[in-house]
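These notes are about the structure you will find just below.
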Amino acid sequence: MNFEEYAAKPVLVAAGIAVPKSQLATTLYEAGLAAGDIGPCVVKAQVPTGKRGKAGGIQLAASATEARAHAGNILGMEIGGHAVEKVLIEAQCNIVREFYAAILNDPETKGPVVIFSTEGGMDIEEIAAKTPEKMRKASVDVRHGFARETADQLVNGLDLNGANDAVAETLVKLYKAYATNDAELLEINPLVLTGANEVMALDCKFVMDDSAIKRQNDLAPKGTPDKLTGLERIGEGHGIKYIELEGNVVVLANGAGLTMTTMDVVRHYGGQPANFCEIGGEAYTKGKAALEMVLAKPGVKSLVVNFCGAFARCDVMMGGLLEAWDEVQPNIPVFFSIAGTGDEEAIAMLKDKLGMDPLPNMDAACKAAADAANVANEVVA
Amino acid sequence: MYICRREHRVLVQGITGKQGTFWTERMQEYGTNVIGGVNPKKAGTKHCGVPVYASALDASKDGAVDATVMFIPPLGVKAAALDAIESGAKLIVCLTEHIPVQDVMYFMAAAKEAGTVIIGPNTAGTVTVDECFLGFMPAFNERVFRVGNVGVLSRSGSLATLMCQNITASGFGIKAFLGIGGDPIIGTTTRDALEALNNYKGVEAIAMVGEIGGTMEEAAAEYAATMSKPIVAFIAGGAAPPGKKMGHAGAIVMGAKGTYASKKSALEGVGVNVLATPSHVGDALKEVMAS
């Protein structure tokens, strides 16, 4: 889960990292008031995405009047698909140097990695591509944490205008914030050295590990949940992973890998998948809710049901689906592929209840569904 | 140790729960040598005909624990894994999904130091066909798993079931299956599993099932270049939009990283036959095994 800048910075402050004085504003009035308190400031759009500056979402203001005017432009702006509803009014500071610091989880070392670069402002991909010689990395064993000596070594020999000690100390604090708050990414970009020789975080990106939300009860509510469509939200309520896509072939399958593959095979045969809907894992008894949901998307033309039983039994999933059938009354062509644990029972149930047979395999079912949707489209055209 | 054998002594952590009980019975019927289970609250009793211990360490005092398989809720996995490592287990199969990543990294570091292999998290388990299985794969379904000489590895359990069924239906059989899990940080990577199957006696060809996200398939391709046994591969997620987690936490395309195209070209570049759909696996195996 992403945390916007205004929600991420308190995590740094709690770990002892300095940030400029700031106030959150949702109206022009609040923005003007905050700027009056703070003085010369930066008006910053608050959205859970990067590239705010390039989109015009970050503006300098010398006065409260100017801050109000900028807030007027920025509030309501759309950045990366997110409408700006809040701005952060933050004190300007005298920047001498800009650095980059981050901690993220590295699948290769299977542990966190602390990254520091003497070049701030760019994102990490740019730093790695353009100035790799200015980037330093340290892998961390989470059992032991990130020691001050390791931080000292990391910045040793770098020209940081004499701020090496302060930067090393900041990295140790950053690690503390990362570990305490179950971050999967905690980034300060830029980390600046001010004219007053202070090391400060001017921005902060914090992504919390979704699997840790349940033990971060105090902090988690401050994050920004993923933007979901109405149907996706309904799916979440049922514990069903549903992602809405552009196409018109409805896909219902068990397990993430099989569901993704069903989408792939539909597309391979010229169809356009309408959704990702997985009812495997703990959700495998939720056939009814899943059927209602996948059919609720307007304009869908065909449905492919692909069950491959392992942990989830085909007959249990089919039972849920058939129960829903009478109520939902699908009025589009439906194609089944059924294999694995409980398949014989599921096939018998399908025959008994709907008088239907499954297609011989998943390719046949996906192809039939893709063809049916394309024919339906031609009829409309 | 990556591949569990019939003689290996297996401990089930979380044996008394509903899933633990159901799958322990299936594993025992199939031939897995389950020597006991763990539940601190029921230590001293018997369950599924085997003793229940307070910890894996306790169990190891009654004889070596070679492998453990866990039916443990997410927030309990770290402690259970550390216990299993301390017991001297050489292999831990971690089925649980949604474990906090910092917990995963903690027990991964401990396992690495102890030389313990972790398979998972978020895996359906492993099958050594006609010998034993660990986890919740339908090993006992003979239309899915019939013994033969193909080694199978997969990030996804459901897709592996489909792939194994297709392999079996096309007249081939399976020697061993390694489900490595759908998380971004896992103990046994695609490359590790490929190497383990390549070195396993009786495996003559390998079917690899990957998916979008991360760079594991690219790393596996580097190893595949050194192999003489043929490989066929399927990569799931070609139709998935970027920036969306496709059910598995690891299955997400971020920027240029983790794309279908990158994985396909890395594998094809070293001579791996990349399948258009999983139904083509039988024909592809016939082709690569003949040449």
Side-chain angles (χ1 to χ4, degrees), chain A residues 105-112 125 140-144 178-179 182-184 209-215 226 241 243 245-247 253-261 263-269 272-273 276 278 280-282 306 308-312 339-341 343 361-364 366, chain B residues 19 74-75 97-106 108-110 112 124 136-138 141 143-144 154-162 165-166 169 182 184-187 189 209 211-212 214-216 219 234 236-241 244 246-251 255-256 276-280:
Chain A
N105 297 337
D106 179 10
E108 271 167 50
T109 59
K110 296 167 196 176
E125 282 84 16
V140 181
D141 183 329
V142 282
R143 293 174 302 162
H144 310 310
Y178 158 89
D182 273 304
E184 63 178 35
D209 169 15
D210 288 339
S211 297
I213 288 173
K214 54 189 168 292
R215 71 177 179 196
D226 283 344
K241 182 72 187 170
I243 299 171
L245 305 169
E246 301 286 313
N254 65 288
L258 187 68
T259 308
M260 255 195 295
T261 303
M263 290 162 49
D264 295 342
V265 177
V266 164
R267 206 172 71 164
H268 178 76
Y269 290 106
Q272 295 302 325
F276 171 98
E278 185 211 340
E282 289 154 5
N306 189 11
C308 196
F311 177 71
T341 317
D343 53 357
N361 59 43
M362 142 181 203
D363 276 49
C366 291
Chain B
Q19 296 300 343
L75 296 181
E97 189 179 2
H98 304 306
I99 308 167
V101 181
Q102 293 194 11
D103 285 7
V104 173
M105 296 190 299
Y106 194 102
M108 290 283 181
K112 192 180 171 192
F136 45 71
M137 285 298 285
N141 184 329
R143 275 169 297 131
V144 180
S154 176
R155 277 162 78 174
S156 153
S158 57
L159 189 47
T161 304
L162 174 77
Q165 171 144 323
N166 288 347
I185 295 186
I186 51 177
T189 62
V209 184
E211 59 193 41
I212 52 161
T215 55
M216 285 202 304
F234 177 74
K244 296 262 187 195
M246 287 289 136
H248 286 160
T277 77
S279 307
H280 292 85

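These numbers were taken from a predicted model, which means no experiment stands behind them.
Between A:Ala339 and B:Gln165, the shortest heavy-atom distance links the atoms CB-NE2, 2.8 Å. Across all non-hydrogen atoms, the minimal contact from B:Ala276 to A:His268 is CB-CE1, 3.5 Å. Closest heavy-atom contact between B:Glu211 and A:Gly257: OE1-CA, 4.2 Å. Across all their heavy atoms, B:Val101 and A:Asp209 have their closest contact at N-OD2, 2.5 Å.
When each of B:Ala251, B:Gly214, B:Gly187, B:Pro241 is checked for heavy-atom pairs under 4.5 Å with chain A, B:Gly187 comes out on top. Counting heavy-atom pairs under 4.5 Å between each of B:Pro184, B:Gly237, B:Ser156 and chain A puts B:Gly237 at the top. Here B:Leu162 is the residue among B:Leu162, B:Val104, B:Asn166 with the most heavy-atom pairs under 4.5 Å with chain A.
The existence of a salt bridge linking A:Arg215 and B:Asp103 is confirmed by a sub-4.0 Å separation between a basic side-chain nitrogen and an acidic carboxylate oxygen.
Under the 3.5 Å distance criterion, the side-chain polar atoms of A:Glu184 are left unmatched by any main-chain donor or acceptor of B:Gln102. A:Thr341 contributes no side-chain N or O that, together with a main-chain N or O of B:Pro138, makes up a donor-acceptor pair within less than 3.5 Å. With hydrogens and angles disregarded, no donor-acceptor distance shorter than 3.5 Å links the side chain of A:Glu278 to the backbone of B:His248.
Annotation: side chain of A:Pro107 is not in contact with side chain of B:Thr215 (no heavy-atom distance under 4.5 Å).
Qualifying side chain to side chain contact (heavy atoms under 4.5 Å, CB included) partners for A:Lys110, counting only residues two or more places apart in sequence or in other chains: B:Met108, B:Ile185, B:Thr189, B:Asp192. With sequence neighbours excluded, the residues forming a side chain to side chain donor-acceptor pair (under 3.5 Å) with B:Arg143 are A:Asp343, listed by chain and number.
Heavy atoms closer than 4.5 Å to chain A are found nowhere in B:Ser154, neither backbone nor side chain. Residue B:Ile186 touches chain A through its backbone alone, counting heavy-atom pairs closer than 4.5 Å. Heavy-atom distances place no part of A:Ile213 under 4.5 Å from chain B, backbone and side chain included. Contact annotation for A:Ala364: neither backbone nor side-chain heavy atoms come within less than 4.5 Å of a heavy atom of chain B. In this structure, chain B has a heavy atom under 4.5 Å from the side chain of A:Glu108, while its backbone stays farther away. Within the 4.5 angstrom heavy-atom criterion, only backbone atoms of A:Asp106 (N, CA, C, O) approach chain B. Contacts of A:Asp264 with chain B are made by both backbone and side-chain atoms, with heavy-atom separations under 4.5 Å.
Between the NZ atom in B:Lys112 and the OG1 atom in A:Thr109 there is a gap of 8.0 Å [rounded to 0.5 Å].
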